[in-house]
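Beneath this line is the structure, given in structure tokens, with notes to follow.
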Amino acid sequence: MTMLGVGLNKIRDLHAANIDKAWMGTNGSAVTEAQTDLQAGVVASKLAVTITSTDKTNVINYTLPSTAAVGNTFREFAVIKDGVVAYNRVTFTGVEHTVADDIVVRQSIFYRNP
């Protein structure tokens with residue numbers, strides 16, 4: 001079976017409607033499918049996101065301002081629904097958060113046939 005473009009965009013829209021926040025954590029351990037959330041989430045980083053949708057794509061836009069969760073070295077990121085259900089977990093080299101800068105994350109999700 002091949003999903004048509006309109007079907008892929010419907011899945012995109014349903015997914016976008018179920019993402020409202022994102023947050024960051026300090027654990028950089030390897031990601032596994034069995035995980036259900038960040039391994040060391042920092043509650044002060046749990047903030048609303050905006051989503052930009054284009055053809056078969058959602059872009060999640062997250063900004064952690066310089067006034068929130070300062071003093072952490074972040075190594076993981078997740079998008080979530082209702083501040084509870086995590087849909088993904090991404091790990092990366094540590095980013096130290098200071099009052100000098102905001103942290104901006106843009107995550108693209110592409111919907112396509114296998």
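Computed from a predicted model, the values in this text were never measured in an experiment. Note that the numbering runs from 1 along the sequence shown for the chain.
- Put simply, M1 and V6 are part of two different groups of oily side chains (I, L, V, M, F, W, Y) that touch within less than 4.5 Å, one to the next.
- In the hydrophobic clustering of ILVMFWY residues, with side-chain heavy atoms under 4.5 Å counting as a link, L64 and I19 come out together.
- By the rule that hydrophobic residues join a cluster once side-chain heavy atoms approach within less than 4.5 Å of another member, V85 and M24 end up as members of one cluster.
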Using a 3.5 Å cut-off and no angle test, enumerate the donor-acceptor pairs between side-chain atoms of residues 91-101 and protein atoms at least two apart in sequence or in another chain.
from: H97; atom 1: NE2; to: P65; atom 2: O; distance (Å): 3.0
from: H97; atom 1: NE2; to: A68; atom 2: O; distance (Å): 2.9
from: T98; atom 1: OG1; to: A100; atom 2: N; distance (Å): 3.2

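- Sorted by first then second residue, the side-chain hydrogen bond (donor to acceptor under 3.5 Å, both in side chains) pairs that include residues 72-87, not counting sequence neighbours, are E76-R89.
- Of the possible polar contacts, one joining the D102 side chain to the S66 backbone as a donor-acceptor pair under 3.5 Å is found.
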What verdict does the side chain to side chain contact (heavy atoms under 4.5 Å, CB included) test give for T63 and I103, after you've listed the backbone C-alpha separation in whole Å, the side-chain angles of each residue and the deciding distance to 0.1 Å?
CA-CA 6 Å; T63 300; I103 295 176; over 6 Å; no

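- With D37 contributing its side chain and A86 its backbone, the two residues share no donor-acceptor pair below 3.5 Å.
- With rounding to the nearest 0.5 angstrom, the CG atom of N27 is 13.0 Å from the CZ atom of F74.
- No side-chain heavy atom of L8 sits under 4.5 Å from any side-chain heavy atom of R12.
- Here the straight-line distance linking atom OG of S108 with atom CD1 of I60 works out to 7.5 Å at 0.5 Å rounding.
- Put simply, the side chain of N113 gets close to the backbone of M3: a donor and an acceptor are under 3.5 Å apart.
- Using modelled atom types and a 3.5 Å distance limit, the side chains of Q107 and N88 yield a donor-acceptor pair.
- We find the CD1-CH2 distance between I80 and W23 to be 6.5 Å, quoted to the nearest 0.5 Å.
- A donor-acceptor pair shorter than 3.5 Å can be found between the side chains of R106 and N61.
- Interatomic distance, N18 CG to I51 CD1, rounded to the nearest 0.5 Å: 9.5 Å.
- Judged purely by atom type and a 3.5 angstrom limit, T57 has no side-chain atom pairing as donor or acceptor with the backbone of T54.
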Check step by step if side chain to side chain contact (heavy atoms under 4.5 Å, CB included) holds for L47 and Y62.
CA-CA 8 Å; L47 301 170; Y62 168 87; 4.1 Å; yes

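- Annotation: the span from N58 atom CG to H15 atom NE2 amounts to 7.5 Å, rounded to 0.5 Å.
- L38 and V105 sit in two unconnected hydrophobic clusters of ILVMFWY residues. Membership requires side-chain heavy atoms under 4.5 Å apart, directly or through other members.
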